[in-house]
There are 2 protein chains.
Amino acid sequence: MKLADIAERAGVSLTTVSRVVNGDRNVKSSTRARVQRTMDELNYYPNLHARSLAGGNSKTIGVLVSNLDNPFFLDIYRKIDNLAQRNGYDSVVSATHYDPDRLRAGIQSMIGRRVAGIAVVVSEMEPHIVEELSKVEIPVVFYDVGRGGKRVTNIRLDYTKGMRQLLEYLFALGHRRMAFISYPLPLQSTEERRTAFLEMMAAHAAPAHVISASSDEFASSREAARELLRAGFEPTAILCVNDLMAVGVLKELSEQGISVPRQISVTGYDNIPLSQVTIPALTTIHIPREEIAQLAFDVLVPGRTGSSKLGQEILVEPELIVRQSTGLAPVKS
Amino acid sequence: MKLADIAERAGVSLTTVSRVVNGDRNVKSSTRARVQRTMDELNYYPNLHARSLAGGNSKTIGVLVSNLDNPFFLDIYRKIDNLAQRNGYDSVVSATHYDPDRLRAGIQSMIGRRVAGIAVVVSEMEPHIVEELSKVEIPVVFYDVGRGGKRVTNIRLDYTKGMRQLLEYLFALGHRRMAFISYPLPLQSTEERRTAFLEMMAAHAAPAHVISASSDEFASSREAARELLRAGFEPTAILCVNDLMAVGVLKELSEQGISVPRQISVTGYDNIPLSQVTIPALTTIHIPREEIAQLAFDVLVPGRTGSSKLGQEILVEPELIVRQSTGLAPVKS
DNA sequence: TTGAAAGCGGTACCAG
DNA sequence: CTGGTACCGCTTTCAA
């Protein structure tokens, strides 16, 4: 079914049909009705490819995220999608699974679709890709990538600052021996947390221990916790690179009969919804996903908000959220 | 940048450029190299719209889910996406948020994109929509919708059976007074669980109580649990319509100092990954998402698997997973 | 109010 | 091995 078909059937020109499809006022209502009817009868669906090819514009924004399983990324995508829908746009996601090749493929696909804008919210990133992307005529917004480009905006969060808030709080509670469970992959965003941890610990001359989970799954963070306990380091607090990992750690400690936070305090990072209902609820660092999504969208879509922030660097603030998984350091027995 | 541009720049015909883009063997390697080079220089990205318009085929499969926040749906989408990628296809998702209008819009969009197939994995569904979809020439596979169509496959799970497994297990543990926390929306899949619960309880002349959460969020299931406890019904077991709700319930019970499963047993439904790390781990019903995704994909993509299951009805089996959130019914004090 | 025709960027078939 | 060209289905002037 195409415009021409229904045009013929309705006895009007293709142009007229196009008009009613697009809600053009200049069509006699009787004609409009007739066309509308035939469209229903032949159940016509406009070919979006033809549409955007002819129209040139796409009205869809592309979102690239590392991993939809992580509520952090999912949330940002969802919020961008909502904003898009609400503003007459469409959205397309693609998960890279931390694989630069898939990232590249995703970008190709987005550009090939001639999307109106691309939001790249991934943790993995090669300089080459950033560079390539900055040559494109499409507006691009990155989250978390070090460098900007001409028409490339970069939103970033000071992970170090978040880590500092967490540690200052823990030090205030009397903790000294602390461990950090880091991410399996060397992503900039997570490495920054690890480094910050190590540096601050060193600055306080506090005994630190870092261990890396072997994958993204709960089983791995549990395993990491188990290993940590076996290692004999005996931390009074375990800081996790993100909330999801902390959930696994909480589980492992529970299984081993270790009370949180009485014996060991645990913290997460991200403040995903789940962190409120873990037992105990997680002390964590809030990353303003809502704000990030909104900023990303505003940058990509012209919007009435006046001046475009294209090409700028936007900073976003982390915030310490104290819940029940942290408490005073246990007194040395 | 289009084919013509780079053709001109490279001093060859548009056709030749098209050939190298598509990896056609019949191009002198020197020519190929030259063209390739100019493509890089002008960083050319083929216009996918033009491509699928001209080619007619789309090589992308569309997935419609109710809610990506629910790991159940997310998981199915991810698996379908993986299968797609692995087989040279692309995929597009759209979340309906349980809204028939958004579902309709999503379908329009998929058809408009002329996708190769559509997987509709949503809980909300209007007869009208099913009907409309069955008129389309595109292969469609539903999960969980009562009725099939000509070229429409329907994959279904016997929720009642799962509920029965759960209840038989609980009865065996000595439970009688049990409550069910149901979904805020009257979705077929969730209603079926509720009804099954009620019927089985009636059959055993056991005291039953049903309460509905007011939303999808953790806060709501907690609220529902709180209300349930206040109501004075005093169940020895609380069955939740899905795992996510159970997480909230577990949290609320924990806050109130009620021990699970010693004082009250709790169950979920779906067997999402999270259910393994809740404290205590959830007894639940496994829904074979992997299998569902695989089936859906096989139906949509011709595949070498011989006979197409198009238009059939495929059944999938639930399975009881016993973990630590359930135990013997407490002895009446 | 309505219609005709020129693209949009590719694909694919037919010649050479 | 390379080039010419007729569409794909729709948007968008320009006329009528």
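Quick caveat, the model's predicted, so the values are computed rather than measured. Just so we're on the same page: letters track the sequence lines, and every chain starts at 1.
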Between [options], which nucleotide has the shortest distance from any of its atoms to the side chain of [X]?
X	options	value
B:Arg51	C:dG10, D:dC10, D:dT2	C:dG10
A:Lys28	C:dT1, D:dC1, D:dG9	C:dT1
A:Arg19	C:dG10, C:dG3, D:dG9	C:dG3
A:Val12	C:dC8, C:dG3, C:dT1	C:dG3
B:Thr31	D:dT2, C:dA5, C:dG10	D:dT2
B:Leu53	D:dC10, C:dG10, C:dG9	C:dG9
B:Ser13	D:dG4, C:dC8, D:dC10	D:dG4

Closest approach of [X] to [Y] (non-hydrogen atoms, all atoms of both residues):
X	Y	value
B:Val21	B:Met39	CG2-SD, 3.7 Å
B:His49	A:Arg113	NE2-O, 2.8 Å
B:Ala293	B:Leu83	O-CD1, 3.9 Å

Would you kindly give the [atom1]-to-[atom2] distance between [X] and [N], to the nearest whole Å?
X	N	atom1	atom2	result
B:Met1	C:dC8	CE	C1'	15 Å
A:His49	D:dT11	NE2	P	14 Å
A:Lys2	D:dG9	NZ	C1'	7 Å
B:Glu8	D:dG3	CD	P	14 Å
B:Leu48	D:dC8	CG	C1'	15 Å
B:Leu3	D:dG3	CG	P	13 Å
A:Asn47	C:dC8	CG	P	18 Å
A:Asp24	C:dG3	CG	P	13 Å

Query - Residues B:Asp5, B:Lys2: salt bridge by 4.0 Å N-O rule - result: no

Report task. Give a yes or no on whether a salt bridge exists between A:Arg78 and A:Asp81, defined as a side-chain N under 4.0 angstrom from a carboxylate O. Result ->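 No, this pair does not count.
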
Query - Quiz item: B:Arg114 side-chain donor-acceptor pair to D:dG9 base, under 3.5 Å - result: no

Query - Base D:dG4 paired with B:Thr15 side chain (donor-acceptor, <3.5 Å) - result: yes

Report task. Using only side-chain N and O atoms of B:Asn22, determine if any of them is under 4.0 Å from OP1 or OP2 of C:dT11. Result ->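 Yes, such a contact exists.
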
**Report entry** Short side-chain N/O contact to C:dG10 OP1/OP2 from B:Tyr45, under 4.0 Å
**Finding:**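 Indeed not, no polar side-chain atom of B:Tyr45 lies that close.
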
Query raised in the report: Which part of the nucleic acid does A:Asn26 contact within heavy-atom distance under 4.0 Å: base, sugar-phosphate only, or nothing?
Result: base

**Report entry** From B:Ile292 atom CD1 to B:Gln294 atom CD, the distance as rounded to the nearest 0.5 Å
**Finding:**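 Result: 12.0 Å between the selected atoms.
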
Requested in this report: Specify the residue among B:Arg34 and B:Leu14 whose closest nucleotide of DNA chain D lies further upstream toward the 5′ end.
Outcome: B:Arg34

